[in-house]
Amino acid sequence: MSDKIIVTGGAGYIGSHTVVELVQAGYEPIIIDNFANAEKSAIHGIQQIVGKEIKLYEGDCNDYSFVRDMLKKEGAIAGIIHFAAYKAVGESVRKPLQYYKNNIGSLLVLLDLMLEFKISKLVFSSSCTVYGQPDELPVTELTPKKPAESPYGNTKQISEEIIEDVVKSPLPIKGIALRYFNPIGAHPSAKIGELPLGVPNNLVPYVTQTASGKLEKITIFGDDYNTIDGTCIRDYIHVVDLARAHVSAIQYLESKNETSLFDLFNVGTGQGNSVLEVIKTFEEVTGLKLNYTIGPRRPGDVEKVYADVSKANRLLHWKTIFTLADALKDAWRWQQTLG
Ligand code: UD1
């Protein structure tokens with residue numbers, strides 16, 4: 001059986017960490033990336049960690065003939081992990097068509113070609129954003145989805161539905177959607193990590209860039225929420241733990257004989273932390289003082305969300321090994337390599 005796993009978006013933040021974990025689990029990852037939101041240096045970093053060359057096809061997953069030529073060349077493929085997608089919530093509101101075309105289009109290209117090349121296993125990057133502000137916490141996979149708040153969120157919901165419909169049909173495809181909570185941190189080697197374009201939107205890159213002096217201060221978006229300290233609660237997961245979940249998902253699909261199987265898994269830590277707790281923990285582990293102020297709420301933010309991860313623990317035989325403190329330490333170590 002082939003050990004080749006196609007990783008679309010494999011030079012990106014979560015993709016690059018997953019490529020490392022795949023190699024360490026004995027697979028041969030093959031990266032497709034168009035470097036729309038990734039750097040070539042990530043490939044170098046991955047290769048330094050694993051100590052070998054990783055095959056890279058530079059191009060767009062929406063480009064049917066490009067992906068087809070690549071699959072023809074590669075021969076038997078064990079599965080596809082599909083990360084490549086646009087992911088900025090605010091931008092998706094301004095440029096909905098780009099988001100629908102890119103995020104839905106690439107999935108359709110891949111599904112079509114999976115049939116042609118008899119590739120049966122797909123692991124898809126979804127998001128806890130599908131739950132909106134849930135009525136019950138922690139959220140399980142059975143917690144009802146809420147109407148998407150943004151075109152980005154909608155592409156995740158629609159993609160999950162497309163995969164489920166394809167799997168339910170007689171077509172021989174098995175799929176898993178992993179619903180990520182908030183990935184943070186970097187590889188402990190500090191060879192790969194997050195490389196946000198421009199001013200970051202997400203909390204932890206904002207924190208590390210403020211600590212390094214690149215940004216002047218961080219604004220906490222609201223302290224009047226109904227939470228322990230008034231700031232929002234999220235489930236922050238170390239990116240290496242998240243990457244490991246993809247290897248477990250591939251192994252799970254390999255272990256199942258059914259020709260049709262669709263399953264969803266929350267991938268988080270199961271623990272909620274407030275924005276202030278993240279900042280305090282960062283200060284503790286680094287010994288630095290962060291310059292922060294309290295600002296107004298950010299439109300579209302949910303108050304609290306954190307995962308019930310018992311399904312992934314039980315069926316994927318996966319559980320987190322890193323703490324919030326580990327993740328913040330690694331994020332800081334990575335930031336220091338960027339200056
Ligand atoms: C959201 C989505 C997630 C999506 C991600 C993409 C939800 C629940 N989550 O994550 O699915 O993949 O965007 O970007 O919809 N914060 C500050 N100051 C800052 C930055 C952030 O206080 O400068 C706070 C936010 O208000 C939030 C927390 O930090 O409470 C985390 O924010 P962020 O890192 O942007 O992630 P989410 O919005 O949770």
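Nothing fancy with the numbering, it's 1 onward along the sequence. Just so you know, ligand 1 is whichever comes first in the structure, and atom 1 is the first atom listed for that ligand.
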Q. Would you say the ring centroid of Y252 lies under 6.0 angstrom from that of H317?
A.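 No, too far apart.
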Check this for me: does any side-chain nitrogen of one of [X] and [Y] sit under 4.0 Å from a carboxylate oxygen of the other?
X	Y	value
R179	E141	no
D135	K146	yes
K256	D263	no

**Q.** Any E136 side-chain heavy atom under 4.5 Å of T143 side chain
**A.** yes
Q. Can you find a heavy atom in the side chain of V20 that is under 4.5 Å from one in the side chain of H17?
A.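 No, every pair of side-chain atoms sits at 4.5 Å or beyond.
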Distances under 3.5 Å, N/O of ligand 1 against N/O of the protein: list each pair and its distance.
unit_1   : atom_1 : unit_2 : atom_2 : d
ligand 1 : 11 (O) : S127   : OG     : 2.5
ligand 1 : 12 (O) : Y152   : OH     : 3.0
ligand 1 : 14 (O) : N202   : ND2    : 3.0
ligand 1 : 15 (O) : T129   : OG1    : 3.2
ligand 1 : 18 (N) : T219   : O      : 2.8
ligand 1 : 22 (O) : F221   : N      : 2.9
ligand 1 : 26 (O) : D301   : OD2    : 2.5
ligand 1 : 32 (O) : R298   : NH2    : 3.3
ligand 1 : 34 (O) : N202   : ND2    : 3.2
ligand 1 : 34 (O) : L203   : N      : 2.8
ligand 1 : 35 (O) : N201   : O      : 3.4
ligand 1 : 35 (O) : N202   : ND2    : 3.2
ligand 1 : 35 (O) : R298   : NH1    : 3.4
ligand 1 : 35 (O) : R298   : NH2    : 2.9
ligand 1 : 36 (O) : N182   : ND2    : 3.1
ligand 1 : 38 (O) : R298   : NH2    : 2.9
ligand 1 : 39 (O) : N182   : ND2    : 2.9
ligand 1 : 39 (O) : R234   : NE     : 2.5

